[in-house]
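What follows is a set of notes on a single structure, which appears directly below.
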Amino acid sequence: MTIQNYITENKDRFINELLDLLRIPSISADPNYKESVFKTADEVKKRLVEAGADNVEICQTKGYPVVYGEKIISPSSPTVLVYGHYDVQPPDPLDLWTSPPFDPVIKDEKIYARGACDDKGQMYMHVKAFELMMKTNTLPCNIKFMIEGEEEVGSDNLGTFVKANKDRLKADVVLISDTGMIANDIPSITVGLRGLSYMEVEVTGPNRDLHSGIYGGAVANPINILCEMIASLHDKDNKVNIPGFYDNVEILSTEERAEMAKAPFSLDEYKKHLDLSDIHGETDYSTNERVSIRPTLDVNGIWGGYQGEGAKTVIASKASAKISMRLVPNQTPDEITALFTKHFISIAPKSVKVKVTAHHGGEAAVTPTDSIAYKAADKAMQTTFGKKPIPQRSGGSIPIVALFEKELGLKTVLFGFGLDSDAIHSPNEHYGIFNYLKGIETIPYFFKNFAEMSK
Ligand code: BES
Ligand code: MN
Ligand code: MN
């Protein structure tokens with residue numbers, strides 16, 4: 001049976017199985033959903049077994065488990081390590097969803113649910129593509145699955161797992177569908193990811209909340225001070241104003257930048273899509289460059305003082321913010337975390353105390369375009385999209401990619417089928433049925449090409 005026939009015959013089941021997976025709220029960030037996260041791991045295990053994987057195992061870690069499974073067809077065949085994650089981001093703000101996040105619905109040929117694209121939908125394409133290859137007797141490579149449950153909270157325990165399982169994870173390449181492409185008629189392959197350094201800061205003024213009339217004007221208001229400090233972290237050119245921040249930033253040549261600029265992109269559509277009257281960013285860089293080859297600093301959350309109904313006249317004792325920095329090659333999270341901490345403490349006025357803590361981090365990654373695996377992916381997309389995919393760097397982060405290279409010496413192919421407009425991490429996340437099925441169709445061609453080209 002051909003790939004296309006198998007998909008046509010089974011597509012309703014493929015979709016329904018994904019919908020069932022999306023019903024389990026595997027929110028790794030929220031301890032209230034602990035049971036659901038573990039339950040999702042069990043479900044993934046079950047699905048791998050049903051698809052035909054051997055040695056399927058729930059591997060416990062200090063946090064949420066890694067689901068492992070494999071099919072070894074021959075020691076002389078190349079081995080592909082498929083990575084994905086079964087955990088999802090918290091769905092809030094809930095009132096902005098047009099249908100409940102864990103009650104998936106199909107609207108306009110798209111599946112709406114938290115995790116539909118990131119990453120349950122994309123991860124499950126691999127399980128179904130594997131099923132297809134098993135059932136049609138066409139699996140040409142050894143395959144190993146490693147599906148984790150802590151990606152959205154920084155993959156804290158994955159380093160330990162990878163280090164402890166180097167033998168089991170031996171492979172020739174890592175294949176990950178957890179990124180996007182330019183458009184459904186403009187296939188692309190992600191060849192770069194940014195790193196991350198995630199911080200939390202707390203500014204303390206007086207030892208208790210104060211009446212803003214009795215004390216206002218005479219004591220430092222930690223919210224005012226925090227805002228000033230945060231505002232000073234960018235200069236007038238929207239560059240990050242932390243000494244040393246750009247010291248190690250990889251500088252691309254004029255030729256490389258010109259090559260990147262060839263990727264199709266419409267600024268007007270971009271603005272329209274986000275309802276923006278103007279864009280914003282570091283001077284002398286294009287929008288695409290700002291979200292790929294340049295590092296950034298953004299406040300992700302800020303709080304303090306009175307947030308309830310009506311007005312309360314108060315000077316808060318404390319104010320806090322969560323701040324992320326996206327990193328590019330050669331910047332390390334350790335280095336940037338240290339620079340940020342030192343700088344943030346140094347700019348605090350004497351009238352307040354500041355506390356700076358680091359959350360998770362990860363290194364940037366660049367993947368090769370001259371490898372057999374990249375060529376296999378390129379050819380697979382040419383077959384199923386009828387067009388050569390464009391290599392493009394992305395702004396998001398998947399810290400495990402740098403780790404796979406460091407610990408296992410493995411390069412990755414970022415074989416993503418999502419779209420920027422899929423609203424991952426936002427309300428109304430969705431994944432096109434076209435994209436889901438196209439992924440299931442394209443993945444077997446990758447395996448076929450990779451096996452043939454590896455000979
Ligand atoms: N799948 C995303 C990363 C991504 C999305 C990369 C789209 C490129 C394009 C992943 O699940 C994610 O959200 N990663 C986090 C980092 C992680 C350490 C929490 C991110 O990028 O914020
Ligand atoms: Mn993801
Ligand atoms: Mn994500």
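One-based numbering, in listed order, for ligands and for the atoms of each.
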### Message
Looking at every heavy atom in both F38 and G63, which two are closest together, and how far apart are they?
### Response
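Residues F38 and G63, closest heavy atoms: CZ-O, 4.1 Å.
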
### Heteroatom of E152 nearest to the Mn ion (ligand 3) (N, O or S, atom name)
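Minimum-distance N/O/S atom of E152 relative to the Mn ion (ligand 3) is OE2.
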
### Task
Specify which N/O/S atom of D118 comes nearest to the Mn ion (ligand 3), by atom name.
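Of all N, O or S atoms in D118, the Mn ion (ligand 3) lies closest to OD2.
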
Is there a heavy atom of [X] sitting under 4.0 angstrom from any atom of ligand 1?
X    : value
R194 : no
H85  : yes
D178 : yes
P399 : yes
L414 : no

### Query
Between S188 and I182, is there a donor-acceptor pair closer than 3.5 Å when you use the side chain of the first and the backbone of the second?
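Indeed, once roles are kept as given, a pair shorter than 3.5 Å links the two residues.
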
### Task
For the residue pair K120 and V88, establish whether any side-chain heavy-atom pair is separated by less than 4.5 Å.
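K120 vs V88: side chains touch.
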
### Message
With nothing but distance in play, are any N or O atoms of Q89 less than 3.5 Å from an N or O of ligand 1?
### Response
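No, Q89 has no N/O under 3.5 Å of an N/O on ligand 1.
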
For [atom], what is the closest protein heavy atom, and at what distance to 0.1 Å?
atom                    : value
atom 17 (C) of ligand 1 : E151 O, 3.6 Å
atom 7 (C) of ligand 1  : I424 CD1, 3.9 Å
atom 3 (C) of ligand 1  : S397 O, 3.5 Å
atom 22 (O) of ligand 1 : R326 NH2, 2.7 Å

Indicate whether the side chain of [X] and that of [Y] have a donor and an acceptor atom separated by less than 3.5 Å.
X    : Y    : value
N10  : R13  : yes
Q331 : Y246 : no
T98  : K107 : yes
Y83  : E148 : yes
H85  : D118 : yes

#### Entry: Numbering as shown, the atoms of ligand 1 that approach T179 to under 4.0 Å (heavy-atom distance)
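So the answer, numbered in order with elements, is 6 (C), 8 (C), 9 (C).
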
### Message
Within 2.8 Å of the Mn ion (ligand 3), is there any N, O or S atom belonging to H425?
### Response
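Yes, within the cut-off.
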
### Task
Have a look at S394, G192, G396 and point out the one with the heavy atom closest to atom 9 (C) of ligand 1.
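Minimum heavy-atom distance to atom 9 (C) of ligand 1 goes to S394.
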
Lys/Arg N to Asp/Glu carboxylate O, [X] vs [Y], below 4.0 Å:
X    : Y    : answer
R294 : E282 : yes
K170 : D167 : yes
E50  : R47  : no

### Query
Within the stated cut-off of 2.8 Å, is an N/O/S atom of D119 closer than that to the Mn ion (ligand 2)?
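Coordinating: no.
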
### Query
Vertex the Mn ion (ligand 2): angle to OD1 of D178 and NE2 of H85, to 10°?
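An angle of 100° at the metal.
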
